[in-house]
Amino acid sequence: QLQLVASGGGLVQPGGSLSVSCVASGSPLEDYAIGWFRQAPGKEHEEREGVSCISTVNNNTKYTDSVKGRFTISRDNAKNTVYLQMNDLKTEDTAVYYCAAVRHLYYYVTCPLITADEYQHWGQGTQVTVSS
């Protein structure tokens, strides 16, 4: 059974950078497409927003419009880890960030950015606060 642990969150000033990580155990991460979602303050769990995702192979990526050019998702299968590098952070990026994984042939060369329900495994979340 795949388990995911997200870490690296913290407090950062607007314009700053932060990198969050998602470490997998129990199953090789290379078999999964990975997504990052976030739940902003005051939003319900069902209102999690897809931030970025990366396909199982070929490292095809997707980003929600509000983070394009600022966030970069990457994976290191040897370390069973997926990273989300966040630059030029804005107060509206404040949220709990979750990583999630899906294993499906369809997601070998693409990944689901919008639909959280496509993902089969979820990490516990890490808090990112952008404030001066």
Side-chain angles (χ1 to χ4, degrees):
Q1 178 77 359
L2 181 72
Q3 293 184 324
L4 302 171
V5 177
S7 65
L11 174 64
V12 63
Q13 292 185 341
S17 297
L18 203 61
S19 180
V20 291
S21 302
C22 178
V23 179
S25 62
S27 188
L29 191 67
E30 64 186 6
D31 294 337
Y32 296 83
I34 304 296
W36 282 99
F37 287 75
R38 63 187 179 187
Q39 183 176 348
K43 297 287 189 180
E44 297 294 327
H45 191 61
E46 293 74 18
E47 298 176 275
R48 287 164 291 172
E49 175 191 22
V51 176
S52 182
C53 64
I54 187 166
S55 63
T56 307
V57 298
N58 294 340
N59 287 338
N60 290 326
T61 59
K62 295 181 181 178
Y63 299 91
T64 191
D65 286 346
S66 64
V67 308
K68 285 180 180 177
R70 300 189 297 123
F71 289 13
T72 303
I73 189 172
S74 61
R75 64 191 302 156
D76 186 340
N77 289 335
K79 295 182 178 180
N80 258 11
T81 303
V82 173
Y83 305 94
L84 185 67
Q85 175 67 41
M86 303 181 289
N87 298 328
D88 190 22
L89 282 160
K90 305 177 186 300
T91 55
E92 52 263 41
D93 295 318
T94 294
V96 177
Y97 283 72
Y98 297 90
C99 59
V102 55
R103 182 175 181 175
H104 195 284
L105 181 62
Y106 184 77
Y107 296 123
Y108 270 28
V109 294
T110 186
C111 56
L113 178 61
I114 305 299
T115 309
D117 289 346
E118 291 289 325
Y119 288 88
Q120 301 154 334
H121 308 278
W122 288 83
Q124 86 290 2
T126 184
Q127 176 70 49
V128 173
T129 302
V130 185
S131 175
S132 55

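Numbering starts at 1 and runs along the sequence shown. It should be emphasised that the depicted structure is a prediction, and the values quoted were computed from it without experimental measurement.
A donor-acceptor pair under 3.5 Å is formed between the side chain of Asn80 and the backbone N or O of Ala24. A donor-acceptor contact shorter than 3.5 Å links the side chain of Arg75 to the backbone of Leu29. Side chain of Tyr119 to backbone of Pro112: a donor-acceptor contact under 3.5 angstrom is found. Remark: the backbone N or O of Leu2 is not paired with any side-chain donor or acceptor of Ser27 at under 3.5 angstrom. Formation of a donor-acceptor pair under 3.5 Å by the Gln120 side chain with backbone atoms of Arg103 is found in this model. A donor-acceptor contact shorter than 3.5 Å is absent between the side chain of Ser52 and the backbone of Trp36.
The structure places CG of Asn87 at 9.0 Å from OG of Ser19, a figure rounded to the nearest 0.5 Å. Note that OG1 of Thr61 is 6.5 Å distant from CD1 of Ile54, once rounded to the nearest 0.5 Å. The distance from atom OG1 of Thr64 to atom CD1 of Ile114, rounded to the nearest 0.5 Å, is 6.0 Å. From Leu11, atom CG reaches atom CD of Gln127 across 9.5 Å, with rounding to the nearest 0.5 Å. Note: Glu49 CD to Lys43 NZ = 9.0 Å, rounded to the nearest 0.5 Å. Taken to the nearest 0.5 Å, the OH atom of Tyr63 stands 10.5 Å off from the CG atom of Leu113.
Residues Leu105 and Val57 share a hydrophobic cluster, clusters being chains of Ile/Leu/Val/Met/Phe/Trp/Tyr side chains in contact below 4.5 Å. Note on Leu84: it clusters hydrophobically with Leu4, by side-chain heavy-atom contacts below 4.5 Å among ILVMFWY residues. Cluster annotation: Val82 is connected to Val51 through the hydrophobic network of ILVMFWY side chains, with a link wherever side-chain heavy atoms come within less than 4.5 Å. Placement of Ile34 and Tyr97 within a single hydrophobic cluster is found when ILVMFWY residues are connected by side-chain heavy-atom separations under 4.5 Å, directly or transitively.
Of the listed residues (Val128, Val130, Val12, Asp93), just one forms a side-chain contact (heavy atoms from CB on, under 4.5 Å) with Met86, and that residue is Val128.
Shown here is Glu44, whose CD atom has no more than 12 heavy atoms of other residues, nucleotides or ligands within 6.0 Å. Atom CD of Gln124 sits in a crowded spot, with more than 12 heavy atoms from other residues, nucleotides or ligands closer than 6.0 Å.
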Checklist entry - Would Tyr106 and Glu118 count as a side chain to side chain contact (heavy atoms under 4.5 Å, CB included) if you check the C-alpha gap in whole Å, the side-chain angles of each, and the deciding distance to 0.1 Å? => result CA-CA 11 Å; Tyr106 184 77; Glu118 291 289 325; over 6 Å; no
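With 3.5 Å as the limit, one finds a donor-acceptor pair spanning the side chains of Thr110 and Lys62.
Among all heavy-atom pairs drawn from Leu89 and Arg70, the shortest one is CA-NH1, 3.8 Å. The minimum heavy-atom distance between Cys111 and Asn60, with the atom names listed, is SG-O, 4.3 Å. Shortest non-hydrogen contact noted between Ala95 and Arg38 is CB-CB, 3.7 Å. Looking at every heavy atom in both residues, Asp88 comes nearest to Ser17 through N-OG, 4.3 Å. Taking both residues in full, the closest heavy atoms of Lys79 and Tyr83 are given as CD-OH, 3.9 Å, listed atom of the first, atom of the second, then distance. Between Thr56 and Tyr107, the shortest heavy-atom distance links the atoms OG1-O, 3.0 Å.
Ion pairing between a basic and an acidic side chain is recognised when a charged N comes within 4.0 Å of a carboxylate O; Lys68 and Asp65 show such pairing.
Put simply, the side chain of Phe37 does not reach to within 4.5 Å of the side chain of Val96, judged on heavy atoms. A heavy-atom distance below 4.5 Å is not found between the side chains of Val23 and Ser7.
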